[in-house]
Number of protein chains: 2
Amino acid sequence: MPRTIELAEARLAVSTVIFAREPGVAHDELPEQPVQPADRSLWIPLVRRLRAPGKGRWALPGGWLGAAESLEGAAARTLDETTGVTPRYLEQLYTFGAPDRSPDERVVSVVYWALVRPEETSGSIEDPNVRWFDADDLPELAFDHDEIVAYALGRLRTKLGYSQIAHAFLDETFTLAELREVYETVMRRPLDPANFRRTVEASGALVETGEVRTGTPHRPPKLYRPADPAEAGIQGAFRIPVAPHLRRHP
Amino acid sequence: MPRTIELAEARLAVSTVIFAREPGVAHDELPEQPVQPADRSLWIPLVRRLRAPGKGRWALPGGWLGAAESLEGAAARTLDETTGVTPRYLEQLYTFGAPDRSPDERVVSVVYWALVRPEETSGSIEDPNVRWFDADDLPELAFDHDEIVAYALGRLRTKLGYSQIAHAFLDETFTLAELREVYETVMRRPLDPANFRRTVEASGALVETGEVRTGTPHRPPKLYRPADPAEAGIQGAFRIPVAPHLRRHP
DNA sequence: TCAAAAGTGTTCCGTGTACACCCATGG
DNA sequence: CCATGGGTGTACACGGAACACTTTTGA
């Protein structure tokens, strides 16, 4: 028995939560001191809102959906326009559409999440209204963007455990220690270097380049690159448990 | 360097992929013969499109987003209006918004997926334009709905492996054999009854009701109900691997 | 009393984890 | 030559899987 429904005059927005291992140009100054990878944090660029609603607050980079572009295309475009960042990995996260999430008009936001390499963040726009924040130490954000970031962080931690996305944080070639540091940073716990090496090597997800990184004060580590997904195939999968030892009675 | 973008005049639709273990009233007649749970299939209700575009084709139940309702609310409402089904489990799946997915106007669809109990499907609308289909034997659907259903099936199979959603297919109380049949149907492989029992019992996700199901030709099985999630807590988790033994060289 | 499903016990093996140990380089 | 991170070897515990076995009912 369909009753009459007033249709929503909703505007369609696209926003992106971008994660990087290092902040881009503008960020809160921190005293530089050596930290363990598991104690390091992730960085997220935010944009200050110049208009109401939420004027003055920090918000996720985003914008309106264009007529001819795909959702992912809109995410990439608005990201580039607002922050100058071009992500290596971009995936849809969730669509937020509570009727009251924006005060004046109905806005439905398709939210993406992205991973970028260090070099990609360096091209980010220098603007007092764009700033990189520690993902674990964010200010209060506009709209429901706090909730969105928390959701994205959860997804990143989970997905890292069963997929190969960690590569998207790194340059073309990298050492196993660098890859391990990504896992340690995201999962916030140390990993055994020996076991990590074996797990990754056995998976076939990486191939040696034959090069080593020199200039370190110690034994030069081998450089790897991600295996062609086609070659890697099913065997390319490896699993790094997100939170082990939560099994037995705590 | 933001160039001018023509904003999309997109309409916001909501659709739902509904899964049930048994078809509702109207479905293709199949000769009733005993089948193994792992050989049984899932059922999905579809609605015949009465208007262009895609007139005559089968499509996912859905409709337009109402002004005052949440996305999930819209999914539940349109589902009820078109099929008469009220799902026990309803979760957002993905948002599809390719510019050309609907021929005339731009439509962005927020798609949900749902699980229903046998009793809930029996209340479904009797209408020649609503029919239940075998999820593994669908006709060619309108728009990009084939792609959507395939995506939803993948998510169901994956999520069943690490969450408790299987309950949503069953009545208030159920036997372990019934729960196991859900897993066998969705994962399309047989499970060892002994190991399944131990895994589930050890997890604390179920509690015995103290009752047994009588009337079977054999030993009466105990009836269980889902544990209160608060009590179950972290220990409430158990994992049934989706596809084991794909590890070593095939 | 018998067939068949419910439910229990036990063994085997892959995988994650800990940790001792060797290797190679810049300072 | 030595401190340090790169890289290898190995032993152990846990949990998934296989499967033999006992229990309980209706017909």
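In the text below, chain A, chain B and the rest are named by the order of the sequence lines, each starting its count at 1. Please read all numbers here as calculations on a predicted model, not as lab measurements.
- With sequence neighbours left out, B:Arg219 forms a salt bridge (charged side-chain N to carboxylate O under 4.0 Å, His left out) with no residue at all.
- When each of A:Arg239 and B:Val212 is assigned the nucleotide of DNA chain C with its nearest heavy atom, B:Val212 is the one assigned upstream, toward the 5' end.
- Among residue pairs with one or both ends in residues 181-205 of chain A, those qualifying as ring pair (Phe, Tyr, Trp, His ring centres under 6.0 Å) are A:Tyr183-A:Phe196; sequence neighbours excluded.
- Remark: the A:Arg198 side chain and the D:dG9 base include a donor-acceptor N/O pair separated by less than 3.5 Å.
- Every residue meeting the salt bridge (charged side-chain N to carboxylate O under 4.0 Å, His left out) condition with B:Glu201, not counting sequence neighbours, appears here in chain and number order: B:Arg197.
- Closest to the side chain of B:Arg197, out of D:dT8, C:dA24, C:dA6, is C:dA6.
- Rounded to whole Å, atom P of D:dA17 lies 13 Å from atom CD of B:Glu184.
- Rounded to whole angstrom, the span from the CD1 atom of B:Ile240 across to the C1' atom of D:dG16 amounts to 10 Å.
- Counting non-hydrogen atoms under 4.0 angstrom, A:Thr199 reaches nothing in the nucleic acid.
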Where do N or O atoms of nucleotides 1-5 of chain D meet protein N or O atoms at under 3.5 Å, pair by pair?
| unit_1 | atom_1 | unit_2 | atom_2 | d |
| --- | --- | --- | --- | --- |
| D:dT4 | O2 | A:His218 | ND1 | 3.1 |

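- Residue B:Arg180 has its side chain nearest to C:dA6 when only C:dT8, C:dA6, C:dG7 are considered.
- Each of B:Thr214 and A:Pro221 has a nearest nucleotide on DNA chain D; the 5'-most of these lies closest to A:Pro221.
- At whole-Å resolution of the value, NZ in A:Lys222 and C1' in D:dT8 are 11 Å apart.
- The backbone N or O of B:Leu223 sits less than 3.5 Å from a side-chain atom of B:Thr209, completing a donor-acceptor pair.
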Would B:Thr16 and B:Trp113 count as a side-chain contact (heavy atoms from CB on, under 4.5 Å) here? Give the steps. CA-CA 5 Å; B:Thr16 306; B:Trp113 63 294; 5.6 Å; no

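- One can place CZ of B:Arg213 at 14 Å from C1' of C:dA6, the figure rounded to the nearest angstrom.
- For B:Thr95, the side-chain hydrogen bond (donor to acceptor under 3.5 Å, both in side chains) test picks out A:Thr95, with sequence neighbours left out.
- The nearest whole Å value for the distance from the CG atom in B:Asp192 to the C1' atom in C:dA6 is 13 Å.
- Along DNA chain C, the nucleotide nearest to B:Pro193 and the one nearest to A:Ala194 differ in position, and the one closer to the 5' end is contacted by B:Pro193.
- Note: CG (B:Leu179) to P (C:dA6) measures 13 Å, nearest angstrom.
- Side-chain proximity of A:Pro220 to the nucleotides C:dA18, C:dG7, C:dA24 is greatest for C:dA24.
- With sequence neighbours left out, the side-chain hydrogen bond (donor to acceptor under 3.5 Å, both in side chains) criterion links A:Arg88 to no other residue.
- Rounded to an integer number of Å, the gap from CD of A:Glu201 to C1' of D:dG7 is 9 Å.
- When rounded to the nearest whole Å, the span between CG of A:Asn195 and C1' of D:dC12 equals 12 Å.
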